[in-house]
Engineer: 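There's a structure below that I have some questions on.
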Amino acid sequence: MDFYDIGLGNNDAKTRTLANQDGVKFWESQAKNLFWSEQWHTALEWNPPFAKWFVGGKTNASYNALDVTVRKNPDKKAILWEGEDGSQRVLTYQDLLSQVSKLANALKKLGVKKGDRVTVYLPMVPELIVSLLACARIGAIHTVIFSGFSAQSIRDRVVDSKSSVIITADGGRRRGTIIKLKDVVDDAIADLDFVKNVIILEHVGNRVTYTARDRKWGEFVDSMESSCDAEMLDSAHPLYILYTSGTTGKPKGVLHGTGGYLTHVFATFKWIFDICDSDVYFCTADIGWVTGHSYVVYGPLMHGATQVMYEGALDYPNSARMWEIIARYRVTILYTTPTALRMFMKSGDDIPNSNDLTSLRLLGTVGEPINPQVWKWYFKTIGKEKCPIIDTWWQTETGAAMISPLPGIETIPLKPGSATRPVPGVCISIVDNAGKKVSPGSKGYLVVENPWPGMLLTLWGDDEKYKAVYWSKYKNMYYAGDYAKMDNDGYIWMLGRADDVLKVAGHRLGTAEIESGFVSHGMVAESAVCGIPHEVKGESIIAFLVLKDGVTATQQLKEDLIRHIRKTVGSVATPDQLFFVKKLPKTRSGKIMRRLLKAIAQDEKIGDVSTLEDEASVDEVKSALAELQYALGKP
Ligand code: WTA
């Protein structure tokens, strides 16, 4: 077993001691690091599975993210922005506060009130951060949609959240082309009357058509007053909805609150990144995903940090881009994904070696399991064996990091491929199907045993689904949907999803939403999608489709179907491989036997199907499998 003990990090044993003594009291002590206009009277109200943290307390996320720093140091640089085309912008905390106030006033003018939803569909530009904080400032609930999602996906989310206002741009830049965001939004909401207004940022100079409900950011927002008081809100007031994929049906709206969420984000940002005033932080995540919410927007800004924000592909125009950015801005902390690292690793060591990476002191990773060899490459080639690798495990639902090394408070030896131990105040176990703890080294399901401050409040508009998805497998334990094991030292090793959630290039997608995307095409009768290991992306999508009677399978149809998926779900859901088959392996009750699909796609031995699923008609399954193998070109 490899151990890496580079002795970096602070040694502050009392944080863990306090947390172990009394978790709730411990989180209360952490909450005191935020600004509150009124103190809470009850630290935690726990009506399983619904938690309310810091009840009676009043605060505001945008105040904590901006005003707190502006009062001390208004000229502190908040964002060092770089566009894919090389353009640069620098925004101070005061600049951000003025822009946020203008947009908050603009939203009020459009009639947006506390609790109303605002959808945000923007590229990685400072105005994306401004949009989130402007909503938070007036108590509106932001719901960001990643710009790789299609019109249909936007429509589904806007309908579910009933957003009255959408904020978008004339376009965004990626890989040298312009993504026409406003056109996509127009498509998505053409017949949605409850969307009263669309605010459009003119970012790339793309010509768009304006309708009566459209407002130009440059005119409408810029003409507003540049001050706006932050509305102090109940601690449990919803801060945002973020749609994320699950096992069944359409993406669900994970709802996060204010005081508890901010406390968890604030504390973990400090513990994980040991942030200090002189740091230059760079998180490569898009704000369309939870990492961007917690560790691009709220975490760094609440700490008054300076960060690099980049719009575009990290390997554009070539694979030196990310390293050049790090050298140009003297980045000290990098937080990125295993997918990005695998991609750069493939281009060899010469490229990173020819850039000055000496400013780096801490290297983070998130979103998917990091292979030990990639971990070691990150440690040696990028960090020159001086920077700890911080592998952080968490989920959209958990709000902030749950398992991670914490250089801000402790120094422990690292093991490549393990996210180490749960953060203080979070109690994680690995259990079997019956909820009993498994012995060290054994694979089981990861559960969280106590409520924690960053936990989701519920699923938007669907408390029953919230209970069913996360709290029905085990009594009073949160079911994360991940396999994991714990070793003898208490280190946790993540072993991938235990359900039908995919992680493709770090992006979370559900097989169900891609399958319904295919079936919505008039020529497809049935579809089954699964993920198979991919050298760079971690996982890639493979789809098996049964066509309707009389439809001929052609190359042209394949291409149409790929276009169709990009249109219905989005470019993120593009399958790498697509096969036409006559039938799918199913149980007698009609459930697709995904495990077999996956096994066959990965070339694993299937064994005797009759012992695997007694419910299935063995002959049917065998012939379906033979067909799949034939389609895949396997003997
Ligand atoms: C996976 C991303 C291994 C996991 C913040 C989880 C990880 C899902 C790690 C949540 C990690 C995240 N090691 N697996 N360090 N981090 N995952 O909601 O399967 O996009 O359940 O949140 O990503 O994905 P989500």
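Start at 1 and go down the list; that is how both ligands and their atoms are numbered. It should be emphasised that the depicted structure is a prediction, and the values quoted were computed from it without experimental measurement.
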Engineer: Would you indicate whether K437, at its atom NZ, is surrounded by more than 12 heavy atoms from other residues, nucleotides or ligands within a distance under 6.0 Å?
Structural biologist: no
Engineer: Within ligand 1, which atoms have a heavy atom of V290 less than 4.0 Å away?
Structural biologist: 5 (C), 22 (O)
Engineer: Compute the centroid of each ring, for Y240 and then for H293, and state whether the two points are separated by less than 6.0 Å.
Structural biologist: yes
Engineer: Rounded at 0.5 Å granularity, tell me how far CH2 in W81 sits from CD in E311.
Structural biologist: 5.5 Å
Engineer: For W289 and ligand 1, answer yes if some heavy atom of the residue is under 4.0 Å from a ligand atom, otherwise no.
Structural biologist: no
Engineer: Under 4.0 Å from a heavy atom of T291: give me the atoms of ligand 1 that qualify, with their elements.
Structural biologist: 5 (C)
Engineer: Measuring from atom 19 (O) of ligand 1, which candidate in V254, V366, D482 has the nearest non-hydrogen atom?
Structural biologist: D482
Engineer: Report the nearest protein non-hydrogen atom to atom 10 (C) of ligand 1: residue, atom name, distance rounded to 0.1 Å.
Structural biologist: W394 O, 3.6 Å
Engineer: For ring pair (Phe, Tyr, Trp, His ring centres under 6.0 Å), just list the numbers for Y261 and W53, CA-CA rounded to whole Å, side-chain angles, deciding distance to a tenth of an Å, and then say yes or no.
Structural biologist: CA-CA 9 Å; Y261 170 79; W53 285 87; over 10 Å; no
Engineer: Does T396, backbone or side chain, put an N or O under 3.5 Å from an N or O of ligand 1?
Structural biologist: yes
Engineer: Is it the side chain (CB and beyond), the backbone, both or neither of A419 that lies under 4.0 Å from ligand 1, heavy atoms counted?
Structural biologist: neither
Engineer: Determine, considering heavy atoms only, which of E368, K503, M402, Q395 sits nearest to atom 20 (O) of ligand 1.
Structural biologist: K503
Engineer: Among all protein heavy atoms in this structure, tell me which lies nearest to atom 3 (C) of ligand 1, with the distance rounded to 0.1 Å.
Structural biologist: P369 N, 3.2 Å
Engineer: Is it the case that ligand 1 has an N or O less than 3.5 angstrom from some N or O of E397?
Structural biologist: no
Engineer: Does a sphere of radius 6.0 Å around NZ in K473 hold more than 12 heavy atoms from other residues, nucleotides or ligands, not counting ones at 6.0 Å or beyond?
Structural biologist: yes
Engineer: In plain terms, say whether R321 and D315 are close enough for a salt bridge, that is, a side-chain N and a carboxylate O under 4.0 Å apart.
Structural biologist: no
Engineer: Could you list the atoms of ligand 1 found under 4.0 angstrom from a heavy atom of D391?
Structural biologist: 11 (C), 15 (N)
Engineer: Please step through side chain to side chain contact (heavy atoms under 4.5 Å, CB included) for the pair I514 and L502, ending with a clear verdict.
Structural biologist: CA-CA 11 Å; I514 308 173; L502 308 178; 4.2 Å; yes
Engineer: If hydrogens are left out, which of G292, G367, A401 has an atom nearest to atom 17 (N) of ligand 1, that is, the closest non-hydrogen atom?
Structural biologist: G367
Engineer: Quick one, Y298 with F266, criterion ring pair (Phe, Tyr, Trp, His ring centres under 6.0 Å). Give me CA distance, side-chain angles, the key distance, then yes/no.
Structural biologist: CA-CA 8 Å; Y298 293 107; F266 185 94; over 10 Å; no
Engineer: Within ligand 1, which atoms have a heavy atom of M494 less than 4.0 Å away?
Structural biologist: 3 (C), 13 (N)
Engineer: Can you list the atoms of ligand 1 that are under 4.0 Å from a heavy atom of R497?
Structural biologist: 6 (C), 19 (O), 21 (O)
Engineer: Salt-bridged, R594 to D500, with N to O below 4.0 Å?
Structural biologist: yes
Engineer: Ignoring angles and geometry beyond distance, decide whether T392 reaches within less than 3.5 Å of ligand 1 through its nitrogen or oxygen atoms.
Structural biologist: yes
Engineer: How many angstroms lie between atom SG of C387 and atom CG of L363, to the nearest 0.5 angstrom?
Structural biologist: 4.5 Å
